[in-house]
Visitor: 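Handing you this structure, nothing more for now.
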Amino acid sequence: MPQIQSVDPLHPSSILIGRAADCLRSGRLVGYPTETFYGLAADPLSPAAIEAIFEAKGRPERMALPLIASDREAVRLCVREFPDLAGRLAAAFWPGALTLVLPASPSLPPRLLGGGRTVGIRISPHPVASALARAFGGAIVATSANRSGQPAPMTAAEVRDALGDEVALILDGGATRGGKASTVLDLTGDSPRVVRSGAVALTAIEETLGRRLG
């Protein structure tokens, strides 16, 4: 079974975060709390680690994996372009539960992108999630820590029960608040497109953009 380590959700230990980052560097998977549910982290540049996530979750092959980045500079390293529109939304909603779909950097493995050419990415306000991304070096995989099609976990125990030995380490920051997952907005077309409604209200996005979403 995975090792479960208690971590202060507001002031996570740098030692524990460093241990989790080392797990990622060795190609293993880490469960961690976010502002909504528990996420499953991996090295986004490691094809073997990405494959391990697909196998652990039973995730359909064509479904891309989203990322959490430590800051906007880390976001820029993961994308081919970061348009002005993305900058406006980032200023308004990051850190926060808004995932922006942008043209992916050629450095990202095709398997991570589900065979496409775009990547969903955001900056999390949760201290553990952001600290892990920062300690790892910029960005981590940020899919929910559950079997595909099952409820997203809100506790470390639920991650353990769902994924078992597939996960090397779970950072237990207590129960997360749940609620809606992140809002996903695709900025790769001629106009912004809502992929998934979620925690960030579409009306707030429309107000920031000064236009209605299609």
Side-chain angles (χ1 to χ4, degrees), residues 1-57 59 65-75 77-78 94-99 108 112 120-147 150-179 181-182 199:
M1 296 301 288
Q3 182 180 16
I4 299 180
Q5 289 282 332
S6 294
V7 61
D8 187 328
L10 299 179
H11 305 285
S13 160
S14 59
I15 294 175
L16 285 179
I17 294 296
R19 188 178 303 163
D22 287 341
C23 282
L24 299 182
R25 294 188 187 97
S26 67
R28 293 179 289 174
L29 308 183
V30 173
Y32 63 100
T34 75
E35 68 274 22
T36 52
F37 301 98
Y38 270 75
L40 186 61
D43 177 355
L45 298 182
S46 168
I50 294 165
E51 190 62 38
I53 280 198
F54 275 93
E55 291 181 4
K57 287 176 62 71
R59 190 176 177 88
L65 291 167
L67 305 179
I68 279 177
S70 57
D71 51 37
R72 269 194 253 183
E73 183 57 34
V75 171
L77 293 176
C78 295
W94 284 355
L98 175 64
T99 296
L108 297 180
L112 177 80
I121 193 165
R122 69 187 180 92
I123 297 174
S124 172
H126 196 286
V128 175
S130 59
L132 182 56
R134 187 166 53 252
F136 182 65
I140 55 175
V141 174
T143 186
S144 57
N146 61 322
R147 296 283 296 177
Q150 297 300 310
M154 295 173 59
T155 67
E158 289 175 354
V159 178
R160 177 200 61 208
D161 293 344
L163 301 179
D165 291 335
E166 305 287 352
V167 184
L169 173 65
I170 302 172
L171 296 174
D172 184 356
T176 60
R177 64 175 174 81
S182 68

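The analysis underlying the following values was restricted to heavy atoms, covering all of them including side chains, and did not include hydrogens, waters or symmetry mates.
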Visitor: Could you pull out the closest heavy-atom pair between Y38 and T176, with the gap in Å?
Guide: CE1-CG2, 3.6 Å
Visitor: Got a sec, which pairs hit salt bridge (Lys or Arg N to Asp or Glu O under 4.0 Å) with one end in residues 167-179, sequence neighbours left out?
Guide: none
Visitor: Please set out all donor-acceptor pairs under 3.5 angstrom arising from side-chain atoms of residues 125-140, sequence neighbours excluded.
Guide:
| residue | atom | partner | partner atom | Å |
| --- | --- | --- | --- | --- |
| H126 | ND1 | V128 | N | 3.1 |
| S130 | OG | H126 | O | 3.0 |
| S130 | OG | P127 | O | 3.2 |

Visitor: Could you report the tightest heavy-atom contact between G164 and P2, atom names first, then the distance?
Guide: O-CD, 3.2 Å
Visitor: How long is the gap from CG on L29 to CD on E166, to the nearest 0.5 Å?
Guide: 7.5 Å
Visitor: Please name the residue in the list V141, I53, I68 that meets the side chain to side chain contact (heavy atoms under 4.5 Å, CB included) test with P44.
Guide: V141
Visitor: Determine the minimum heavy-atom distance between L98 and S182, stating which atoms define it.
Guide: N-CB, 4.3 Å
Visitor: Compare all side-chain heavy atoms of R160 with those of V167 and state whether any distance is below 4.5 angstrom.
Guide: no
Visitor: Just to verify, which of I170, L24, V159 counts as forming a side chain to side chain contact (heavy atoms under 4.5 Å, CB included) with V30?
Guide: L24
Visitor: With a sphere of 6.0 Å drawn around CG of L10, does it hold more than 12 non-hydrogen atoms of other residues, nucleotides or ligands?
Guide: yes
Visitor: So which atom in L67 and which in A142 form the shortest heavy-atom distance, rounded to 0.1 Å?
Guide: C-CB, 3.8 Å
Visitor: To check you understand the geometry: which heavy-atom pair defines the closest contact between T143 and K57, and what is its length?
Guide: OG1-CE, 3.2 Å
Visitor: Please find the pair of heavy atoms, one from L45 and one from D43, that lie closest to each other, and give the distance.
Guide: N-OD1, 2.9 Å
Visitor: Closer than 3.5 angstrom, by distance alone: can the side chain of R122 be matched with the main-chain N or O of G96 as a donor-acceptor pair?
Guide: yes
Visitor: Let me confirm one number: the CZ-OG distance from R25 to S46, rounded to the nearest 0.5 Å.
Guide: 13.0 Å
Visitor: Rounded to the nearest 0.5 Å, what's the gap from CG on L171 to OG on S13? Could you check?
Guide: 9.5 Å
Visitor: In the structure I gave you, are the side-chain heavy atoms of L169 and Q5 within less than 4.5 Å of one another anywhere?
Guide: yes
Visitor: What distance separates W94 CH2 from T99 OG1, expressed to the nearest 0.5 Å?
Guide: 8.5 Å
Visitor: Report yes if some heavy atom in the side chain of F54 is under 4.5 Å from a heavy atom in the side chain of L65; otherwise report no.
Guide: yes
Visitor: Rounded to the nearest 0.5 Å, what separates atom OH in Y32 from atom CG in L40?
Guide: 7.5 Å
Visitor: Can you tell me how far the CG atom of N146 sits from the CZ atom of R59, to the nearest 0.5 Å?
Guide: 9.0 Å
